[in-house]
Amino acid sequence: MNTLETLPVTLDDVLKAQELLEGIITKTPIESSRALGAMVGGEVFFKCENLQRAGSFKVRGAYVRMARLSEEEKKRGVVAASAGNHAQGVAVAAKSLGINARIYMPLGVALPKLAATRSHGAEVVLHGHNVDEALAEAQRYANETGAVFVHPFDNVDVVAGQGTIGLEILEQIPNVDTILMGVGGGGLLAGVAVAIKARAKELGREIRIIGVQAENAAAYPPSLAADALVPLKKVSTMADGIAVGRPGQLPFSIIRELVDDVVTVSEDSLARALIFLLERAKLVVEPAGAVGVAALMDGKIENPGTTAVILSGGNIDPMLMLKVIQRGLSAAGRFMTVRMMLDDRPGSLATIARIIAENDANVTGLDHTRVGGSISMGDVSITVNLETKGHEHSEQVLAALRAEGFQPIVVH
């Protein structure tokens with residue numbers, strides 16, 4: 001294993017980044033979670049980067065990268081590509097430093113993220129159908145015009161800037177045992193690992209650093225296993241902030257040396273975590289920021305001890321939030337959509353309504369149709385949306401329907 005001093009980013013780099021960021025960023029609060037702590041058997045704290053300027057940690061690395069440009073480079077302006085958080089971080093940093101910024105965002109980007117990036121003064125150009133295509137165009141523009149390309153994670157200054165979160169966590173929770181965070185390209189995980197592992201060595205103690213990825217966008221586990229970058233053929237997750245198909249070379253070189261583990265969580269687990277944060281912590285967090293909470297709720301972390309979870313961002317599209325809430329309630333057994341075929345005769349629907357009422361479930365929506373490719377003459381198809389009280393209650397309602405001769409099929 002390399003010594004901490006020979007890695008491409010060191011504690012000294014992070015400390016210098018912290019000095020640069022003084023008065024620029026918000027020292028985000030730490031919130032304790034008794035509910036999650038009770039689940040895992042230890043103290044759990046949230047590092048609320050969802051309350052950071054521009055709604056995520058990204059402004060830290062972007063500002064450090066851009067503050068260190070020469071005056072001639074600043075005059076040429078900067079260019080970046082992002083679907084959201086990095087775009088806003090670059091835009092805020094550029095405005096603070098008086099630098100012109102051009103941001104490429106993919107077509108179909110969430111309107112709130114587009115509007116927020118423009119509101120910070122950046123020029124936004126919509127290009128491509130995904131972030132990779134936007135990145136390629138941003139790099140082409142940089143090569144053509146001389147504008148400085150600000151990479152979202154594969155840069156020494158960016159990694160050092162993100163690492164300042166680790167220094168803050170140690171100041172706020174000196175007895176921390178485990179730190180969890182989401183990982184996409186790896187800039188945040190690498191930076192925090194450098195800061196924490198170096199400080200832990202000085203203190204003569206162990207602090208675990210664990211990254212968390214969405215299982216349908218998990219490039220780090222196979223890359224770490226192969227000790228080489230292994231790009232994914234397909235990435236599909238609601239956690240767009242960490243939907244990166246190929247680790248960054250620079251972060252990877254640090255993560256493979258310092259990080260204790262990288263675990264994965266499912267989309268349903270992510271949705272449940274977001275619901276938990278809304279209901280129990282009163283915090284609005286985007287899916288990428290909730291992966292650490294999902295890992296704890298799933299029992300993926302053994303003996304976590306005193307744990308800090310970095311809630312890396314809060315920029316969630318309201319339309320996505322609607323879908324996530326429904327999925328999260330469904331995953332928790334609190335929402336269920338059931339489809340049934342009935343005889344088209346008076347009283348059938350009333351019988352179903354009676355069964356649902358007797359079992360204390362609540363109908364939130366109903367679709368009743370006689371026409372369709374799979375519907376026979378004399379039959380009717382109904383789809384019922386139900387509010388239930390958990391998995392056992394859902395099974396109780398289904399069993400009661402079956403006992404009356406119906407054949408309910410759960411859609412959600």
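In this text, all values refer to a predicted model and were calculated from it rather than measured experimentally. Heavy-atom basis, side chains included; hydrogens, waters and symmetry copies ignored.
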Exercise for the section: Look at Arg327 together with Asp268 and state whether they make a salt bridge at an N to O cut-off of under 4.0 Å. Expected result: yes
Practice task
Could you tell me whether Glu71 and Lys75 make a salt bridge, using a distance below 4.0 angstrom between a side-chain N and a carboxylate O?
Solution key: no
Practice task
Heavy atoms only: give me the nearest Thr117-Ala91 pair and the separation to one decimal.
Solution key: O-CB, 3.9 Å
Practice task
State plainly whether the residues Arg272 and Asp298 are in salt-bridge range, i.e. N to O under 4.0 Å.
Solution key: yes
Exercise for the section: Mind checking the CD-CG spacing from Glu43 to Leu36? Nearest 0.5 Å is all I need. Expected result: 12.0 Å
Handout entry: Ile316 side, atom CD1; Leu274 side, atom CG - distance, nearest 0.5 Å
Key = 5.5 Å
Problem - Exam field: side chain His393 to backbone Asn359, donor-acceptor pair closer than 3.5 Å - result: yes
Completion exercise
dist Phe149:CZ -> Arg65:CZ (nearest 0.5 Å) comes out at 9.5 Å
Exercise for the section: Indicate yes or no: does Lys27 engage Glu171 in a salt bridge with an N to O separation below 4.0 Å. Expected result: yes
Handout entry: Check: Gln213 side chain, Ala219 main-chain N or O, donor-acceptor pair, under 3.5 Å
Key = yes
Practice task
In plain terms, say whether Asp317 and Lys323 are close enough for a salt bridge, that is, a side-chain N and a carboxylate O under 4.0 Å apart.
Solution key: no
Problem - Leu4 and Leu258, any side-chain heavy atoms less than 4.5 Å apart - result: yes
Practice task
Verify, without hydrogens or angle tests, whether Lys300 (side chain) and Thr264 (backbone) share a donor-acceptor contact under 3.5 angstrom.
Solution key: yes
Exercise for the section: Could you check whether the rings of Phe252 and Tyr220 sit parallel, tilted or perpendicular, using 30° and 60° as the cut-offs? Expected result: tilted
Practice task
Please answer whether the main-chain N or O of Val158 pairs with a side-chain N or O of His151 as donor and acceptor at a distance below 3.5 Å.
Solution key: no
Practice task
Verify whether one side chain among Thr28 and Gln52 offers a donor that lies under 3.5 Å from an acceptor in the other.
Solution key: no
Exercise for the section: Look only at the side chain of Ser223 and the backbone of Val230, and say whether a donor-acceptor pair between them is shorter than 3.5 Å. Expected result: yes
Handout entry: Inter-residue atom distance Leu7.CG - Asp13.CG, 0.5 Å rounding
Key = 10.5 Å
Completion exercise
When every non-hydrogen atom of His127 is compared with those of Tyr104, the smallest separation belongs to CB-CD2, 4.0 Å
Practice task
Determine the minimum heavy-atom distance between Ser348 and Leu342, stating which atoms define it.
Solution key: CB-CD1, 4.1 Å
Practice task
Would you please say whether a donor-acceptor pair under 3.5 Å links the side chains of Asp360 and Gln396?
Solution key: no
Exercise for the section: Run the salt-bridge test on Glu123 and Arg118 with the 4.0 Å N-O cut-off and return the result as yes or no. Expected result: no
Exercise for the section: Report yes or no: do Thr369 and Ser381 form a side-chain donor-acceptor pair below 3.5 Å? Expected result: no
Handout entry: Basic-acidic side-chain contact under 4.0 Å: Arg246, Asp154
Key = no
Exercise for the section: Determine whether the side chains of Thr237 and Asn216 contain a donor N or O and an acceptor N or O closer than 3.5 Å. Expected result: no
Practice task
Considering only NZ, NE, NH1 and NH2 on the basic side and carboxylate oxygens on the acidic side, decide whether Glu279 and Arg334 come within less than 4.0 Å.
Solution key: yes
Problem - Side-chain donor or acceptor of Ser312 paired with backbone N/O of Ile310 under 3.5 Å - result: no
Problem - Min side-chain heavy-atom separation Val176-Phe45 under 4.5 Å - result: no
Exercise for the section: Mind checking the CD1-OG1 spacing from Ile25 to Thr164? Nearest 0.5 Å is all I need. Expected result: 5.0 Å
Exercise for the section: Evaluate the side-chain proximity of Thr337 to Val410: yes if any heavy-atom separation is below 4.5 Å, no if none is. Expected result: no
Exercise for the section: Considering only NZ, NE, NH1 and NH2 on the basic side and carboxylate oxygens on the acidic side, decide whether Glu168 and Arg60 come within less than 4.0 Å. Expected result: yes
Exercise for the section: Please determine if Lys16 and Glu19 form a salt bridge, counting it only when a charged side-chain N lies under 4.0 Å from a carboxylate O. Expected result: no
Exercise for the section: Could you tell me whether the side chain of Ser394 and the main chain of Gly333 form a donor-acceptor pair under 3.5 Å? Expected result: yes
Exercise for the section: With rounding to the nearest 0.5 Å, note down the distance linking CG in Asn362 to CZ in Phe335. Expected result: 11.0 Å
Practice task
Indicate yes or no for a side-chain donor-acceptor contact from Asn85 to the backbone of Asn315 under 3.5 Å, with no hydrogens or angles considered.
Solution key: no
Exercise for the section: Could you tell me whether the side chain of Leu107 reaches within less than 4.5 Å of the side chain of Val109, counting heavy atoms only? Expected result: no
Exercise for the section: Using a strict 4.0 Å threshold on nitrogen-to-oxygen distance, state whether Lys201 and Glu206 make a salt bridge. Expected result: no
Practice task
Keeping the roles fixed (side chain from His129, backbone from Gly108), state whether a donor-acceptor pair exists under 3.5 Å.
Solution key: no
Practice task
Identify the two heavy atoms, one from Ala217 and one from Ala243, that lie closest to each other, and give their separation to 0.1 Å.
Solution key: CB-CA, 4.3 Å
Exercise for the section: Take Val125 and Ile103, measure what side chain to side chain contact (heavy atoms under 4.5 Å, CB included) needs, and give me the verdict at the end. Expected result: CA-CA 6 Å; Val125 179; Ile103 313 289; over 6 Å; no
Exercise for the section: Determine yes or no for a side-chain-to-main-chain donor-acceptor pair under 3.5 angstrom, with Ser56 supplying the side chain and Gly313 the backbone. Expected result: no
Handout entry: Short side-chain donor-acceptor distance under 3.5 Å, Lys58 and Gln162
Key = no
Problem - Ile210 vs Val262, side chain to side chain contact (heavy atoms under 4.5 Å, CB included): CA-CA, chis, key distance, verdict - result: CA-CA 6 Å; Ile210 298 176; Val262 176; over 6 Å; no
Problem - Between Ser266 and Ser269: side-chain donor-acceptor atoms closer than 3.5 Å - result: yes
Handout entry: 4.5 Å side-chain heavy-atom contact, Arg208 and Ile301
Key = yes
